[in-house]
**Student:** 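Dropping the structure in here first, questions after.
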2 protein chains.
Amino acid sequence: MNTYTEENYLKAIFKYSNKTKEGVSTNVIADELDTKASSVTDMIKKLSDKKLVIYKKYKGVTLTNEGRSIAVSVIRKHRLWEVFLVEKLDFKWDEVHDIAEQLEHIHSEELVKRLDTFLDNPKYDPHGDPIPDEYGNLQHHKDITLSDLAIGKKGVIVGVKEHSTSYLKYLESINLVLGAEIKVNNIVDFDHSMSISIGKNTVNISNQASKNLIVKKL
Amino acid sequence: MNTYTEENYLKAIFKYSNKTKEGVSTNVIADELDTKASSVTDMIKKLSDKKLVIYKKYKGVTLTNEGRSIAVSVIRKHRLWEVFLVEKLDFKWDEVHDIAEQLEHIHSEELVKRLDTFLDNPKYDPHGDPIPDEYGNLQHHKDITLSDLAIGKKGVIVGVKEHSTSYLKYLESINLVLGAEIKVNNIVDFDHSMSISIGKNTVNISNQASKNLIVKKL
DNA sequence: AACTATTTTTAGACTTGCCTAAAAATTAAA
DNA sequence: TTTAATTTTTAGGCAAGTCTAAAAATAGTT
Ligand SMILES: [Mn+2]
Ligand SMILES: [Mn+2]
Ligand SMILES: [Mn+2]
Ligand SMILES: [Mn+2]
């Protein structure tokens with residue numbers, strides 16, 4: 001059984017393993033977990049002793065199969081709980097992350113299995129992030145963002161890459177929620193801000209906002 | 001915010017505060033939490049510094065209003081989660097305690113409030129234990145046990161005083177579940193074992209079993 | 001290639017929660 | 001009421017996880 005802290009380290013390493021081919025650097029982990037590089041080095045040694053990561057001094061860290069498996073199972077729990085909070089307890093999508101950060105560390109295989117069933121085996125969480133299956137398989141998004149769409153193109157919102165409350169609340173206020181169909185009317189060359197149609201409304205959004213919205217082309 | 005460990009100490013102290021008028025002794029707490037008396041002394045000092053308990057050397061410990069309030073809120077969460085696990089996820093009543101021991105430490109007022117609503121504001125948990133309301137009011141059982149009933153008397157099962165899996169599974173196997181109506185047919189003078197009717201069935205149960213069943217007289 | 005800036009690791013220390021062993025206080029027994 | 005048994009506290013130490021400051025390694029730049 002792993003501690004709360006160990007699980008958070010594995011999750012952080014997993015998050016950046018997918019983004020770079022090399023080992024995840026000490027500083028990146030420290031940044032993600034809001035801690036110090038020296039603390040990360042300490043913990044990495046411990047995880048290495050437990051054969052959950054492979055570690056070579058100064059060369060960053062990679063997950064072993066077992067480490068990866070734990071990380072994915074924590075992510076699975078996080079996302080399932082988020083679905084529960086939104087679907088069953090009527091939380092808003094910007095309110096659930098912090099609670100799920102706690103719930104993801106509850107240890108009980110049976111609980112996860114039953115929760116999954118209770119929620120009708122959801123494939124995506126409230127932010128459009130894919131939920132790993134019970135065997136640890138995880139689909140990845142295509143990662144086309146709204147900022148990639150050309151003028152005149154249509155798409156549907158399938159996810160967000162940024163989870164801050166302010167961003168999510170903003171999106172909701174302009175009806176840019178999961179499933180919304182949009183069309184790009186215009187793009188300003190200078191700052192890449194966009195004019196888009198959402199249903200019968202038209203809004204202007206910054207590049208900062210559009211590049212964090214994952215879309216599926218229509 | 002209090003740690004997982006602090007909450008468990010407060011809960012343990014609360015449990016025995018109701019049973020004795022004086023302060024709860026170090027050894028009783030150590031026993032309840034499966035730890036050593038010296039560890040208890042350490043933690044009591046810390047809780048005393050935080051004004052959650054009143055502590056006089058060698059005189060045991062009592063909860064302050066704030067300490068009691070935290071203990072009751074943890075118990076409230078424990079029992080609400082047990083209801084959730086049984087009512088929504090179809091766990092058996094002997095399977096939920098350990099998971100609730102973890103879930104009771106999730107910190108979120110809003111979560112508890114919504115969970116309570118989602119469960120239709122239950123008044124009792126799956127073991128018949130009363131659920132404190134959101135203001136910390138806690139009803140107590142009358143504490144009449146099956147072993148208190150005289151020959152010929154009828155009663156209904158409203159709770160259990162012992163929560164071990166083996167006891168709960170045994171009760172279930174003979175249909176001695178919450179709500180079951182029973183009648184005392186006979187009591188053996190020698191060992192106080194009982195013959196009782198449950199519906200159309202008749203069973204013999206030991207005094208050890210009958211004294212842990214809370215009943216309401218009919 | 002040598003110097004500089006950045007990243008990473010080490011060294012040493014702190015807090016929390018726990019332990020064992022021994023001392024002190026309380027309670028029970030003679 | 002002295003002695004013995006029990007309970008409780010103190011003293012000292014350990015593991016986990018964290019921190020700061022300093023040393024070592026790597027990467028970047030003339
Ligand atoms: Mn989240
Ligand atoms: Mn999410
Ligand atoms: Mn319980
Ligand atoms: Mn219960």
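Treat the numbers as computed from the prediction; the structure is a model and nothing was measured. In the text below, chain A, chain B and the rest are named by the order of the sequence lines, each starting its count at 1. These values consider heavy atoms only, across backbone and side chains, with no hydrogens, waters or symmetry-generated copies.
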**Student:** Name every residue in residues 51-62 of chain A that has at least one heavy atom under 4.0 Å from any atom of DNA chain D, in order of residue number, or write none if there are no such residues.
**Tutor:** A:Y58
**Student:** With no angle test and no hydrogens, is the base of D:dT20 tied to the side chain of A:S38 by a donor-acceptor pair under 3.5 Å?
**Tutor:** yes
**Student:** Is there a donor-acceptor pair closer than 3.5 Å between any side-chain N or O of B:E134 and the backbone N or O of B:G136?
**Tutor:** no
**Student:** Determine whether a donor-acceptor pair (N or O, by modelled atom type, separation under 3.5 Å) exists between the side chain of A:S48 and the backbone of A:I44.
**Tutor:** no
**Student:** Name every residue in residues 22-31 of chain B that has at least one heavy atom under 4.0 Å from any atom of DNA chain D, in order of residue number, or write none if there are no such residues.
**Tutor:** B:S25, B:T26, B:N27
**Student:** Can a side chain N or O of A:T3 be found less than 4.0 Å away from OP1 or OP2 on D:dA16?
**Tutor:** no
**Student:** How long is the line joining CG of A:N8 and C1' of D:dA16, in whole Å?
**Tutor:** 15 Å
**Student:** With heavy atoms under 4.0 Å as the rule, sort B:Y9 into base, sugar-phosphate or nothing.
**Tutor:** sugar-phosphate
**Student:** Side chain of B:S39 only, please: which of D:dT9, D:dC19, C:dC18 is the nearest?
**Tutor:** C:dC18
**Student:** Just distance, no hydrogens or angles: give the donor-acceptor pairs under 3.5 Å from side chains in residues 83-90 of chain A, sequence neighbours left out.
**Tutor:**
none

**Student:** In whole angstrom, what separates B:K36's NZ from D:dA11's C1'?
**Tutor:** 17 Å
**Student:** Nearest whole angstrom, please: distance from the P of C:dT8 to the CD1 of A:I44.
**Tutor:** 9 Å
**Student:** Under 3.5 Å, is there a donor-acceptor pair between the A:Q102 and A:H78 side chains?
**Tutor:** no
**Student:** Please list, one pair per line, the donor and acceptor atoms closer than 3.5 Å that link side chains of residues 50-58 of chain A to other protein atoms, with sequence neighbours excluded.
**Tutor:**
| unit_1 | atom_1 | unit_2 | atom_2 | d |
| --- | --- | --- | --- | --- |
| A:K50 | NZ | A:N2 | OD1 | 3.3 |
| A:K50 | NZ | A:E6 | OE1 | 3.1 |
| A:K50 | NZ | A:E6 | OE2 | 3.3 |

**Student:** Partners of B:H163 by ring pair (Phe, Tyr, Trp, His ring centres under 6.0 Å), sequence neighbours excluded?
**Tutor:** B:H127
**Student:** Output the rounded distance in Å from NZ (B:K45) to P (D:dT8).
**Tutor:** 14 Å
**Student:** Could you tell me which residues satisfy salt bridge (Lys or Arg N to Asp or Glu O under 4.0 Å) with A:D120, sequence neighbours excluded, listed by chain and number?
**Tutor:** none
**Student:** So does A:T5 get a backbone contact from the side chain of A:N8, meaning a donor-acceptor N/O pair under 3.5 Å?
**Tutor:** no
**Student:** Rounding to an integer number of Å, can you tell me how far B:M43 CE sits from D:dT8 C1'?
**Tutor:** 18 Å
**Student:** Measure the acute angle between the ring planes of B:Y4 and B:H105, then classify it against the limits of 30° and 60° as parallel, tilted or perpendicular.
**Tutor:** tilted
**Student:** Students often get this wrong, so: under 4.0 angstrom with heavy atoms, is A:T5 touching a base, only sugar-phosphate, or nothing?
**Tutor:** sugar-phosphate
**Student:** Report the distance from atom CG of B:D42 to atom P of D:dA11, rounded to the nearest whole Å.
**Tutor:** 12 Å
